[in-house]
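Let me begin by presenting the structure, written as structure tokens, before commenting on it.
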Amino acid sequence: MAKGTSLDVGHMRAHILDDGTFVTDASNLFGGSRKASIKGAMHPILIETGDDLVLIDAGFGPELPEMLEGRYELRREKNLLDHMDEAGFAAEDVTRVILSHLDPDHVGWALNPPSFRNATVYVQEAALEEAREMPEKDGRRAAVPAVERGVEEGWCELLNGNDEVLPGIRVEVRPGHSAGHQIVWVEDNGDAVLYTGDLAPAKIWLDPNLIAGVDTDPEAARKNRIEVLSEAEERDAPVILYHEPQDSIIKVRSEGDGFKAVPRE
Ligand SMILES: [Zn+2]
């Protein structure tokens with residue numbers, strides 16, 4: 001794999017994958033009538049633990065969901081499964097999938113359609129409950145039928161709070177962007193890497209005061225962003241930014257009342 005797209009965490013190895021780039025108007029993320037286009041990558045993470053292959057978040061899926069057509073554009077030459085293949089893995093090798101929350105740019109290949117037939121998919125129950133209450137055409141609401149079917153069929157497991165999915169793969173509930181939003185700490189042999197999901201999905205979110213129109217609870221998002229990024233700084237842990245187009249693995253340092261990205265080495 002190209003340099004910079006994977007890193008070792010103790011005995012585990014994390015591959016930073018790619019499901020293309022979306023382009024949307026800033027008003028879709030921040031509200032208001034600001035006219036500027038914003039670009040975001042999607043970088044699902046694949047972790048080799050030795051016995052298991054764990055995917056964290058799952059991109060948009062085979063195509064842009066219909067409800068986002070016109071508002072979002074999806075650009076990609078290769079999708080998540082192509083990139084997995086290049087890294088030497090097939091969809092059926094994946095044994096666990098952790099979904100940070102139920103937005104369509106995070107659940108695609110896991111739910112629509114379920115593409116990892118040997119995997120257990122982990123969703124926080126609070127995220128499902130919130131999605132059920134969303135308006136009819138909301139992206140989160142669209143994930144509900146697949147999650148409910150998964151629970152019924154046994155391939156989806158609902159979590160209730162912080163949990164260790166596997167030794168060294170620890171989810172922590174940090175709501176704000178959505179209810180039940182979970183981040184992931186990957187820890188082994190004194191090494192640690194943090195996956196922030198949409199709590200801090202790109203470098204611009206290292207400013208804890210950035211208010212995104214897409215956050216369910218902006219105050220909770222702000223508080224959790226500060227706590228989580230402070231812990232990453234204290235532990236000197238690399239942070240993987242899901243939507244950051246370039247340099248998606250960084251370290252963070254305090255600056256003013258926020259944080260800045262520094263190179264990981
Ligand atoms: Zn997102």
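Just so you know, these numbers use all the heavy atoms, side chains as well, and skip hydrogens, waters and symmetry mates. Every number for a ligand or one of its atoms is a count from 1 in the order of the listing.
Checking side-chain atoms of Asn79 against main-chain N and O of Leu81 turns up a donor-acceptor pair under 3.5 Å.
For Glu129, the side-chain contact (heavy atoms from CB on, under 4.5 Å) partners two or more places apart in sequence, or in a different chain, are Glu125, Arg132.
Below the 2.8 Å limit, the Zn ion (ligand 1) has as protein N, O or S neighbours Asp105 OD2, His106 NE2, Asp198 OD2, His243 NE2.
Across all their heavy atoms, Asp19 and Pro44 have their closest contact at N-CD, 4.2 Å.
Each salt bridge (charged side-chain N to carboxylate O under 4.0 Å, His left out) pair with one or both residues in residues 242-260, not counting sequence neighbours, appears once here: Lys203-Asp247, Asp236-Lys251, Asp236-Arg253. For residues 162-173, every residue pair satisfying the salt bridge (charged side-chain N to carboxylate O under 4.0 Å, His left out) rule, not counting sequence neighbours, is listed here: Arg170-Glu172, Arg170-Glu187, Glu172-Arg174.
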Steps toward side-chain hydrogen bond (donor to acceptor under 3.5 Å, both in side chains) verdict (His181, Asn224): CA-CA 11 Å; His181 178 284; Asn224 280 319; over 6 Å; no
